[in-house]
Peer 1: 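Can you keep this structure in mind? I'll have questions shortly.
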Amino acid sequence: MENTLNINQDAYHPTIIKLISYNNDGVEIKELTNTNHFQKQFKAGCLNWIRVCGFNNPQIIETICHEFKIRHVDLKLIFNSKHTSKIETTDNSILVIFNAFIYLKKKLKKRHVSILLGTDYLVSFEDGESSIFENIIYLLEKNPFKLRENSIDRLFHIMLNKITDNYEECANQIEDGLEELEAVLLSNDKKYENFGKLIQEKQKDYLRIKKSIIPFKEQFSKIIRSNENLIRPQNLAYFNDIYDQLQYVSHSLDNCREIIAALLDLYISNNDLKMNDIMKRLTVVSTIFIPLTFVVGVWGMNFQDMPELSWKHGYVMAWILMILMAFFTWLYFKRKKWF
């Protein structure tokens with residue numbers, strides 16, 4: 001199939017496709033090399049999850065989307081990580097496209113993820129190999145919540161819940177980082193040299209998460225109101241819980257926004273105070289030298305009839321006078337607590 005998406009294949013990880021089939025008896029995981037008729041490769045009597053990692057082979061992904069009736073306009077969004085979150089529902093499927101976030105080595109990393117839910121199958125797309133869904137495979141294998149005995153929408157819930165947990169964790173880390181910056185800034189500690197840059201980094205992380213989670217939360221009701229063949233009534237409470245969690249994360253992000261605004265104001269105020277302090281010190285120094293400049297100016301005049309110029313110890317006395325004037329001026333400012 002000709003690539004009609006104009007995808008830069010080198011920009012993505014190699015495409016790896018795995019089929020995870022499970023039922024009450026166990027889990028079977030195999031890598032698919034045959035890219036024709038994916039549904040015919042489903043294991044009979046099992047629920048099937050096709051996991052696609054890496055987008056450097058758009059022809060295969062186009063084939064998958066065509067077989068599972070994903071529209072071409074949505075196919076473009078699967079590749080486009082810059083697009084905001086989107087949820088599309090039909091009578092037979094739910095398609096969720098969004099960005100997942102995770103903190104790795106104190107850096108916010110983004111993973112573009114899409115999930116297609118059918119009546120007895122699930123297809124996920126990830127723009128690279130990541131550990132986002134690895135623990136879900138562990139849950140299927142160990143089956144602590146009897147996940148294998150449930151319908152496929154329960155797996156769909158676990159995946160969305162994992163993404164929402166990551167949202168919450170990232171929002172909490174941003175909030176904790178901002179509160180730490182606020183504490184250091186209020187204590188006037190020199191722990192961080194460049195507060196402006198650090199605040200800007202936190203603000204960028206906040207905006208990246210907010211840009212993804214707000215449309216995701218606003219459209220989440222489409223999942224709750226979808227066909228009963230897709231979201232079973234007995235599992236509806238789990239999805240309502242995800243919506244409540246999205247609300248909590250949204251409130252946390254609002255709190256982050258307020259902290260960022262307060263930090264920026266505090267940072268600017270601190271800079272103004274530092275500048276005022278510097279100007280005050282410079283003013284004190286200038287004021288100390290004003291009388292010294294006056295004395296030097298008087299004795300620097302080129303009049304011939306100046307008796308001080310003929311004094312034997314005039315030079316020493318001039319130095320003593322200037323030192324005393326500077327000292328008493330400094331002492332006056334010190335008692336006034338001007339510095």
Peer 1: Kindly determine whether Leu122 and Met159 satisfy side chain to side chain contact (heavy atoms under 4.5 Å, CB included), including the steps that lead there.
Peer 2: CA-CA 11 Å; Leu122 189 146; Met159 297 174 75; 3.5 Å; yes

Peer 1: Can you pull out every salt bridge (Lys or Arg N to Asp or Glu O under 4.0 Å) where at least one residue sits in residues 206-215? Sequence neighbours excluded, please.
Peer 2: none

Peer 1: Got a sec, which hydrophobics cluster with Trp311, joining ILVMFWY side chains under 4.5 Å apart, including via others?
Peer 2: Met317

Peer 1: For Ile224 and Phe220, what are the C-alpha separation, side-chain angles and deciding distance, and is it a side chain to side chain contact (heavy atoms under 4.5 Å, CB included)?
Peer 2: CA-CA 7 Å; Ile224 298 175; Phe220 197 81; 4.0 Å; yes

Peer 1: Check the hydrophobic clustering (I, L, V, M, F, W, Y; side-chain heavy atoms under 4.5 Å; chains of links allowed) and say if Ile268 and Leu178 are grouped together.
Peer 2: no

Peer 1: List, by chain and number, the other hydrophobic cluster members for Ile290, where Ile, Leu, Val, Met, Phe, Trp and Tyr join if side-chain heavy atoms come within less than 4.5 Å, directly or indirectly.
Peer 2: none

Peer 1: Work out which heavy atom in Ser85 is nearest to a heavy atom in Gln219; give both atom names and the distance.
Peer 2: O-NE2, 3.0 Å

Peer 1: Do the side chains of Trp319 and Val296 join up, straight or via other hydrophobic residues, at under 4.5 Å, putting them in one cluster?
Peer 2: yes

Peer 1: Would you call Asp74 and Arg71 a salt bridge, using N to O less than 4.0 angstrom?
Peer 2: yes

Peer 1: What closest approach, in Å, do Tyr206 and Leu253 show between heavy atoms, and which atom pair accounts for it?
Peer 2: CE1-O, 3.1 Å

Peer 1: If every non-hydrogen atom of Thr329 is compared with every non-hydrogen atom of Thr287, which pair is closest and at what distance?
Peer 2: CG2-O, 4.4 Å

Peer 1: For the residue pair Cys256 and Ala171, what are the closest heavy atoms and their distance?
Peer 2: SG-O, 3.9 Å

Peer 1: Would a hydrophobic clustering, with Ile, Leu, Val, Met, Phe, Trp and Tyr connected at side-chain separations under 4.5 Å, put Met301 with Trp299?
Peer 2: yes

Peer 1: Indicate whether any N or O donor in one side chain lies under 3.5 Å from an N or O acceptor in the other, for Tyr22 and Asn143.
Peer 2: no

Peer 1: Please find the pair of heavy atoms, one from Leu47 and one from Asn150, that lie closest to each other, and give the distance.
Peer 2: CD1-O, 3.3 Å

Peer 1: Has Tyr238 got more than 12 heavy atoms of other residues, nucleotides or ligands less than 6.0 Å from its OH?
Peer 2: no

Peer 1: Counting only heavy atoms not in Lys142 (residues, nucleotides, ligands), do more than 12 fall under 6.0 Å from its NZ?
Peer 2: no

Peer 1: Working to the nearest 0.5 angstrom, can you tell me the gap between Glu134 CD and Lys162 NZ?
Peer 2: 10.5 Å

Peer 1: Ile78 vs Phe55, test: side chain to side chain contact (heavy atoms under 4.5 Å, CB included). Steps then yes/no.
Peer 2: CA-CA 9 Å; Ile78 290 175; Phe55 292 164; 4.1 Å; yes

Peer 1: Check each of Trp49, Phe38, Phe68 against Tyr121 using the ring-ring contact (aromatic ring centres under 6.0 Å, His included) test, and report the only one that passes.
Peer 2: Phe68

Peer 1: Could you check whether any side-chain N or O of Thr15 sits under 3.5 Å from a backbone N or O of Gly54, counting only pairs where one atom can act as donor and the other as acceptor?
Peer 2: yes

Peer 1: Among side-chain atoms of Asn229 and Thr119, is any donor-acceptor pair under 3.5 angstrom?
Peer 2: no

Peer 1: With the 4.5 Å side-chain cut-off for hydrophobic clustering, are Val316 and Phe327 part of the same group?
Peer 2: yes

Peer 1: Could you list all the salt bridge (Lys or Arg N to Asp or Glu O under 4.0 Å) pairs where at least one residue sits in residues 147-159, not counting sequence neighbours?
Peer 2: Asp153-Arg232

Peer 1: Assert yes or no for the condition that the ring centre distance of Phe239 to Tyr243 is strictly below 6.0 Å.
Peer 2: no

Peer 1: What heavy-atom pair brings Met306 and Val298 nearest, and what distance separates the two atoms?
Peer 2: CE-O, 3.5 Å

Peer 1: Give every donor-acceptor pair under 3.5 Å between a side-chain atom in residues 87-100 and any protein atom, sequence neighbours left out.
Peer 2:
residue: Glu88; atom: OE2; partner: Lys86; partner atom: NZ; Å: 3.4
residue: Thr90; atom: OG1; partner: Asn92; partner atom: N; Å: 3.3
residue: Thr90; atom: OG1; partner: Ser93; partner atom: N; Å: 3.0
residue: Thr90; atom: OG1; partner: Ser93; partner atom: O; Å: 3.4
residue: Thr90; atom: OG1; partner: Ser93; partner atom: OG; Å: 2.9
residue: Asn99; atom: OD1; partner: His112; partner atom: ND1; Å: 2.7
residue: Asn99; atom: ND2; partner: Ser81; partner atom: O; Å: 3.0

Peer 1: Consider only side-chain heavy atoms of I, L, V, M, F, W and Y, link residues closer than 4.5 Å, and tell whether Met275 and Leu185 are in one cluster.
Peer 2: no

Peer 1: Under 3.5 Å, which donor-acceptor pairs link side chains of residues 24-34 to any protein atom two or more places apart or in another chain?
Peer 2:
residue: Glu28; atom: OE1; partner: Lys43; partner atom: NZ; Å: 2.9
residue: Asn34; atom: OD1; partner: Asn36; partner atom: N; Å: 3.2

Peer 1: Step through the shown structure and confirm whether more than 12 heavy atoms of other residues, nucleotides or ligands are within 6.0 Å of CE on Met279.
Peer 2: no

